[in-house]
Amino acid sequence: MTSIVVLGSTNMDLVAYVPRAPALGETVTGRAFRTIPGGKGANQAVAAARAGAEVAMIGAVGADDFGVRLRAALEHCAVDTDLLRTVEGPSGTAHIVVDDEGGNAIVVVPGANGTLTSLSHGDEALIGTADALLLQLELPLPVVVEGAVTARRLGVRTVLTPAPAQPLPPELLAATDLLVPNEHEAAALTGLTDPRAAAQALLRFVPEVVITLGAAGSLYASRGAEPVTVPAPRVRAVDTTGAGDTFVGALAVALGEGRPAPEALAWAQTAAALSVQREGASTSMPYRVEIEAAFLSPHILEVDSA
Ligand code: RIB
């Protein structure tokens, strides 16, 4: 079984479902509100566990009710939380509006996530046992860099989701094996809006890049090979929150199991296509049996765009 460690955030997602997102200074009436366990790190952990990996999470929750629920949600998905700290103060929260098209806008307040600034010996030992370390940018940057550098030193594959978008220190890029930005993050990193050009530019720093393109699928690029675009199944999205995290978690599992990159991308896109048809981030993530069924029979999830 593929073994994955996630060094990342846990947030309670406070989600308002609205006909359309309000402009600054405007009030709109929502139709529903839910609290859903999320955070890019925890989402990727849940996605990978449901996709069939053995997963452990390094991170921090607050000493509040949200922290109890966030830990329990991970454990419910069989994610090992032995190295998930509970610290004084509030848990991370994400304040999300989801509109009737399934699009979202998010404000993240880091809370406990902001307290994790360095790794313990136990964290390092755990990372050393993994096939892959998944990283995002919702923890303080120094610990993300330390995680990547540690994994590289221990021969563990590093998969970095550069979100929320921000400039990446050279030492982080140098310790990244696979970079998985969405098209907006790729443009922010490179200044190039064409995904193929952005991927080529990023290959100067990392050996492999996957750029997610939303409904258009994803682009895989590696040094010395022609980039490959893998189309996504056409589905009707009700909530795209966490779709990228679902993709990354499933991709790490597929690559860990030795699937060739284009097939791994298609498998991960199937997982993401299933997730956007359900509300919430972690709550929407599919189990392996569902991914396999839809991967083998894509017509199960495809809809007419009309
Ligand atoms: O990627 C989706 C996640 O981003 C949400 O679950 C929210 O917590 C924010 O961190």
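When a ligand or atom number is given, it counts from 1 through the structure's own listing order.
Counting non-hydrogen atoms of other residues, nucleotides and ligands closer than 6.0 Å to CZ of Arg204 gives a total of 12 or fewer. Asp194 CG: more than 12 foreign heavy atoms inside a 6.0 Å radius.
Side chain to side chain, Arg69 and Thr35 meet the donor-acceptor criterion of an N or O pair below 3.5 Å.
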Which donor-acceptor pairs under 3.5 Å do the side chains of residues 263-276 make with protein atoms, sequence neighbours left out?
| from | atom 1 | to | atom 2 | distance (Å) |
| --- | --- | --- | --- | --- |
| Glu263 | OE2 | Arg259 | NH1 | 3.0 |
| Trp267 | NE1 | Glu292 | OE2 | 3.3 |
| Gln269 | OE1 | Ser218 | N | 2.8 |
| Gln269 | OE1 | Ser218 | OG | 2.3 |
| Gln269 | NE2 | Val230 | O | 3.3 |
| Gln269 | NE2 | Pro231 | O | 2.8 |
| Thr270 | OG1 | Ala266 | O | 2.9 |
| Ser275 | OG | Ala272 | O | 2.8 |

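Of the charged side-chain nitrogens involved, at least one lies within less than 4.0 Å of a carboxylate oxygen, so that Glu290 and Arg278 count as a salt-bridged pair. Between Arg34 and Asp13 there is no salt bridge, since no side-chain nitrogen of the basic residue lies less than 4.0 Å from a carboxylate oxygen of the acidic one.
The residues lining ligand 1, counting any heavy atom closer than 4.0 Å, are Asn11, Asp13, Gly38, Gly39, Lys40, Asn43, Ala94, Val108, Glu138, Gly242, Asp245, Ala281.
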